[in-house]
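All of these numbers come straight from a predicted model, not from anything done at the bench. Throughout, protein chains are lettered first and strands after them, A, B, ... in sequence-line order, and every chain is numbered starting at 1.
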Number of protein chains: 2
Amino acid sequence: MAISKSEEFTKIENKISDWAKALSHPARIKILKILAQKNVCMCGDIVDLMPLAQATVSQHLKELKRVGFIKGEIEGPKICYCLDYSTVTEAQKKLNELFDGIIIIK
Amino acid sequence: MAISKSEEFTKIENKISDWAKALSHPARIKILKILAQKNVCMCGDIVDLMPLAQATVSQHLKELKRVGFIKGEIEGPKICYCLDYSTVTEAQKKLNELFDGIIIIK
DNA sequence: ATCGTTCATCGTAAATATACGATGAATATT
DNA sequence: AATATTCATCGTATATTTACGATGAACGAT
């Protein structure tokens, strides 16, 4: 947000911070858990489980899609959202590498 | 940011998203790496390694301190910043629990 | 006491995030 | 073709983030 000097940082620093940004709202954490644990994938079903309006949930889904945590498959007038495990796994791995680099050394 | 309905979500959802928010800027990722890997702790030294003005770095340090990732110990006119390993470790653990819950199930 | 160093905070400008109602686009059904 | 359903996007209001220069507070040294 706002005049960010992202060119001044490394690719991995930008990538990790971008993933973290996608996780930086409790609604998006909750959406990821819903998609993983409930047998649910449609936007409307997610809205029913969330304390937010449909438009707001849609915005959060867009942000999760932007970083690749979820994919949306069109099924007629519906869209079935599902987790993209490869991206989620990659994010976990890189975040752990960051944490390990921070914690182990010294 | 902005009219966030944080009461509507669980404590852990808010906590994880708060940690993620602290990691959601490449400058803060870089600061954490600097504190871990370089023999550096003073704000001025960090500023010298960053492509940002002193005031901006100070703001990022404040955000990292807010969530407990770093502590600041006063040494005369200087302040020695250091990582708070217990908080960083806790964040890593909870983030991994989130990821594992998302990835393993299903 | 004065001066220099170090860092936080103030003030400000511009961009982004959050939230919602309203509307629009796409498709399935009748 | 008309209708209903589903979801995205528009428009809008407000809050937060990011960035910087300027200033202030705190301390050590002279």
Check the distance between [N]'s [atom2] and [X]'s [atom1] and give it to me in whole angstrom.
X     : N      : atom1 : atom2 : result
B/D48 : C/dT6  : CG    : P     : 9 Å
B/E75 : C/dT6  : CD    : C1'   : 12 Å
B/E8  : C/dT18 : CD    : C1'   : 14 Å
B/D45 : C/dC7  : CG    : C1'   : 12 Å
A/L61 : C/dA19 : CG    : C1'   : 15 Å
B/I46 : C/dC7  : CD1   : C1'   : 11 Å
B/I74 : D/dA25 : CD1   : P     : 16 Å
A/K65 : D/dC7  : NZ    : P     : 11 Å

Specify the closest pair of heavy atoms between [X] and [Y], including all atoms of both residues, with the distance to one decimal.
X      : Y     : answer
B/V47  : B/Q54 : CG2-CA, 3.9 Å
B/C43  : B/L61 : SG-CD1, 3.9 Å
B/G101 : A/Q37 : O-NE2, 4.1 Å
B/G72  : B/K65 : N-CD, 4.2 Å

Fill in: Closest-nucleotide ordering on DNA chain C, the 5'-leading residue of B/G44 and A/P77
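Its nearest nucleotide lies further toward 5', so the answer is B/G44.
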
Worksheet item: For nucleotides 9-19 of chain D, read 5' to 3', which letter fits each nucleotide if B means a protein heavy atom sits under 4.0 Å from the base, S means only the sugar-phosphate is that close, and - means neither?
Response: B----BBSBBB

Item to complete: Apply salt bridge (Lys or Arg N to Asp or Glu O under 4.0 Å) to B/E90 and list each qualifying residue two or more places apart in sequence or on a separate chain.
Response: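 Only B/K15 meet the salt bridge (Lys or Arg N to Asp or Glu O under 4.0 Å) criterion with B/E90.
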
Worksheet item: Looking at side-chain heavy atoms only, is the closest gap between A/V40 and A/D48 below 4.5 Å?
Response: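 Counting from C-beta outward, A/V40 and A/D48 never come under 4.5 Å.
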
